[in-house]
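Data first, discussion second: the structure below is written as structure tokens.
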There are 2 protein chains.
Amino acid sequence: MEHRIEQIKKQLHAQSYKLTPQREATVRVLLEREDDHLSAEDIYLLVKEKAPEIGLATVYRTLELLSELKIVDKINFGDGVSRYDLRKEGAEHFHHHLVCTECGSVEEIIEDLLGDVEKIVETNWSFQVKDHRLTFHGICKQCQEAVVKSTS
Amino acid sequence: MEHRIEQIKKQLHAQSYKLTPQREATVRVLLEREDDHLSAEDIYLLVKEKAPEIGLATVYRTLELLSELKIVDKINFGDGVSRYDLRKEGAEHFHHHLVCTECGSVEEIIEDLLGDVEKIVETNWSFQVKDHRLTFHGICKQCQEAVVKSTS
DNA sequence: CTTAATGCAAAACTTTTGCAAAGTT
DNA sequence: AACTTTGCAAAAGTTTTGCATTAAG
């Protein structure tokens, strides 16, 4: 954790940005909730517990900055809000996501399953791929089991 | 075109919805601009040319209805608006999209390139895939050529 | 005739911006 | 001192809702 903070601090300094207390508090929330996909509002409320004086605008500005530096990924699952997802250390791509249409849970796939598909796109569409967003919609393991139970 | 309208009319009636003139005008705009990815506002302005009395709220309600019936797909490319994409006849899945980070153009891939990946997800993550959203970000053919020209 | 759909305006949200004050180097 | 960052409030923008009126089957 401290190591990640240190690392992010360096990334910021490299572009002559500062790791202010507000930014650090925001990053800590993202680290603590690494598996979640929090909205700006969610993050704001959590950061407020650590740094009560922070403003929502600062959270937005921080998230935008972290997005630009590719420290977090901004994703949108189609409910009216943007969500923010911390990249794993050294990861070059967005995670893939599994969104359950029954219970709304979001699971992450860290592995990059798109290598072959990207090659096809580069070759057949002459499109130079830099990044991707892949989300599957369907039914998660838990909900599948729940259906089996309730109908048997 | 008339055939698609007829088909959509049946789909609506099957759920006891009506194909009102406003809904028909909206569908016609979507058909005419099938390759585009229009926002609700874009669609509203185009529908207004055919049916000047229509209200923006009706367009939103129509698009939501068409979304539910899986006649259109609602997508979000991360600029603050939702965009609407008519499904091809009989298509079961979202198209894939290629978004150019240089010029903002959006290209569609109709072919489904995710068959193998979906199998992997179903097997290794026990997730029952119903649909997917795949967008690549990168540099389109035209912009690649533009760079070559300007630097040579 | 009964229910569904529309248009308008207002409301609800999310996100961005302007600006004076505060903090950093 | 020069510059960046912050908090607040206001603004901007998109989408949804309430409700009286109109239209459809």
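Naming: A, B, ... by sequence-line order, numbering from 1 per chain.
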Protein-nucleotide distance (A:Tyr60, atom OH; C:dT16, atom C1'), rounded to Å: 9 Å

Given DNA chain D, 5'-ward residue of the pair B:Asn76 and A:Val59, judged by closest heavy atom: A:Val59

Lys/Arg N to Asp/Glu carboxylate O, B:Lys88 vs B:Glu34, below 4.0 Å: yes

B:Arg28 bridged to B:Glu2 by N-O distance under 4.0 Å: yes

Sugar-phosphate only, base, or nothing, as touched by A:Ser39 at under 4.0 Å among non-hydrogen atoms: nothing

hydrophobic_cluster_shared for A:Ile75 and A:Ile43, side chain cutoff 4.5 Å: no

Closest non-hydrogen atom pair, A:Ser39 against A:Arg83: N-NH1, 3.8 Å

Taking every non-hydrogen atom, the tightest pair across B:Cys100 and B:Ile139: SG-CA, 4.1 Å

ring-ring contact (aromatic ring centres under 6.0 Å, His included) partners of residues 6-27 of chain A, not counting sequence neighbours, each pair once: none

Pairs satisfying ring-ring contact (aromatic ring centres under 6.0 Å, His included), at least one member in residues 61-82 of chain B, at least two apart: B:His37-B:Phe77, B:Phe77-B:His97

Flag, side chain of B:His96 to backbone of B:Leu113, donor-acceptor distance under 3.5 Å: yes

Donor-acceptor under 3.5 Å (A:Gln144 side chain, B:Ser126 main chain): yes

Range on DNA chain D touched by chain A, heavy atoms, distance below 4.0 Å: D:dT4 to D:dC8

Partner of A:Lys50 under side chain to side chain donor-acceptor pair (under 3.5 Å), chosen from A:Gln22, A:Glu24, A:Glu32: A:Glu32

Near DNA chain C, under 4.0 Å by heavy atom, which residues of [range]?
{"range": "residues 61-75 of chain A", "answer": "A:Arg61"}
{"range": "residues 42-57 of chain B", "answer": "B:Glu53, B:Ile54, B:Gly55, B:Ala57"}
{"range": "residues 2-28 of chain A", "answer": "A:Lys18"}

Could you grab the distance from atom [atom1] of [X] to atom [atom2] of [Y], nearest 0.5 Å is fine?
{"X": "A:Leu31", "Y": "A:Thr26", "atom1": "CG", "atom2": "OG1", "value": "11.0 Å"}
{"X": "B:Phe94", "Y": "B:Ile109", "atom1": "CZ", "atom2": "CD1", "value": "15.0 Å"}
{"X": "B:Leu114", "Y": "B:Arg133", "atom1": "CG", "atom2": "CZ", "value": "13.0 Å"}

